[in-house]
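Here the structure is laid out as structure tokens; the discussion comes afterwards.
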Amino acid sequence: MTKIPMNLEVIPGGRKYPAKVNTTAEEALVREATAQLRQKFITYRQTFEAAELSDTDLLAMTAIDLSTSHLRMEKDKDADSFRTKIQQLSDELKVYLKGQ
């Protein structure tokens, strides 16, 4: 069955942007991401109100913030998999040494 892309219009920071998704799950994810982006954008706008930054500047700052958070989570996930593997090897080594 061929998936028909759906066209969305998302508005993270006052401007409309097109987005295409293939499933309702993707649509929900894009809408949730847009809501998160919009909330961070509003927070930055309030925080830096006195600096009179452009919406483009605020969106860039928001993108950097969210990308940094994403990378931090990826690195934590990688570290968790290493910890799990190290624990597994340690357990195997204990079993082996008990047999000696």
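Since this is a predicted model, take the numbers as computed values, not measurements.
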Practice task
Would you name the heavy atoms of V30 and A19 that are closest together and state the gap between them?
Solution key: CG1-CB, 4.3 Å
Practice task
Quick one: list whatever passes side-chain hydrogen bond (donor to acceptor under 3.5 Å, both in side chains) with R45, sequence neighbours left out.
Solution key: D55
Fill in the blank from the handout: Rounded to the nearest 0.5 Å, the CE atom of M61 sits from the OG1 atom of T56 at a distance of 12.5 Å
Practice task
Please answer whether the main-chain N or O of L58 pairs with a side-chain N or O of T62 as donor and acceptor at a distance below 3.5 Å.
Solution key: yes
Handout entry: Contacts of N7 that satisfy side-chain hydrogen bond (donor to acceptor under 3.5 Å, both in side chains) - sequence neighbours left out
Key = none
Handout entry: Partners meeting side-chain contact (heavy atoms from CB on, under 4.5 Å) with T47 (sequence neighbours left out)
Key = T43
Exercise for the section: Inspect the surroundings of CD in E49 and state if more than 12 heavy atoms from other residues, nucleotides or ligands are less than 6.0 Å away. Expected result: no
Fill in the blank from the handout: Here the gap from M73 atom CE to K77 atom NZ, rounded to the nearest 0.5 Å, amounts to 10.0 Å
Handout entry: Residues in salt bridge (charged side-chain N to carboxylate O under 4.0 Å, His left out) contact with E9, at least two apart in sequence or another chain
Key = K16
Practice task
Look up atom OG1 in T34 and atom CG in L29, then write down how far apart they are to the nearest 0.5 Å.
Solution key: 9.5 Å
Handout entry: More than 12 heavy atoms from other groups under 6.0 Å of CD on E92
Key = yes
Completion exercise
Value for OH (Y17) from CG (L59), rounded to nearest 0.5 Å, stands at 5.0 Å
Handout entry: Heavy-atom side-chain contact between R38 and V10 under 4.5 Å
Key = no
Practice task
State, yes or no, whether a side-chain contact exists between V95 and K98 at a heavy-atom distance under 4.5 Å.
Solution key: no
Handout entry: Contacts of type side-chain hydrogen bond (donor to acceptor under 3.5 Å, both in side chains), residue R83, not counting sequence neighbours
Key = D80
Practice task
Using side-chain contact (heavy atoms from CB on, under 4.5 Å) as the criterion, list what pairs up with K85, not counting sequence neighbours.
Solution key: Q88, L89
Completion exercise
dist Q36:CD -> D65:CG (nearest 0.5 Å) comes out at 9.0 Å
Fill in the blank from the handout: In short, N22 meets E26 closest at the heavy-atom pair N-OE1, 2.7 Å
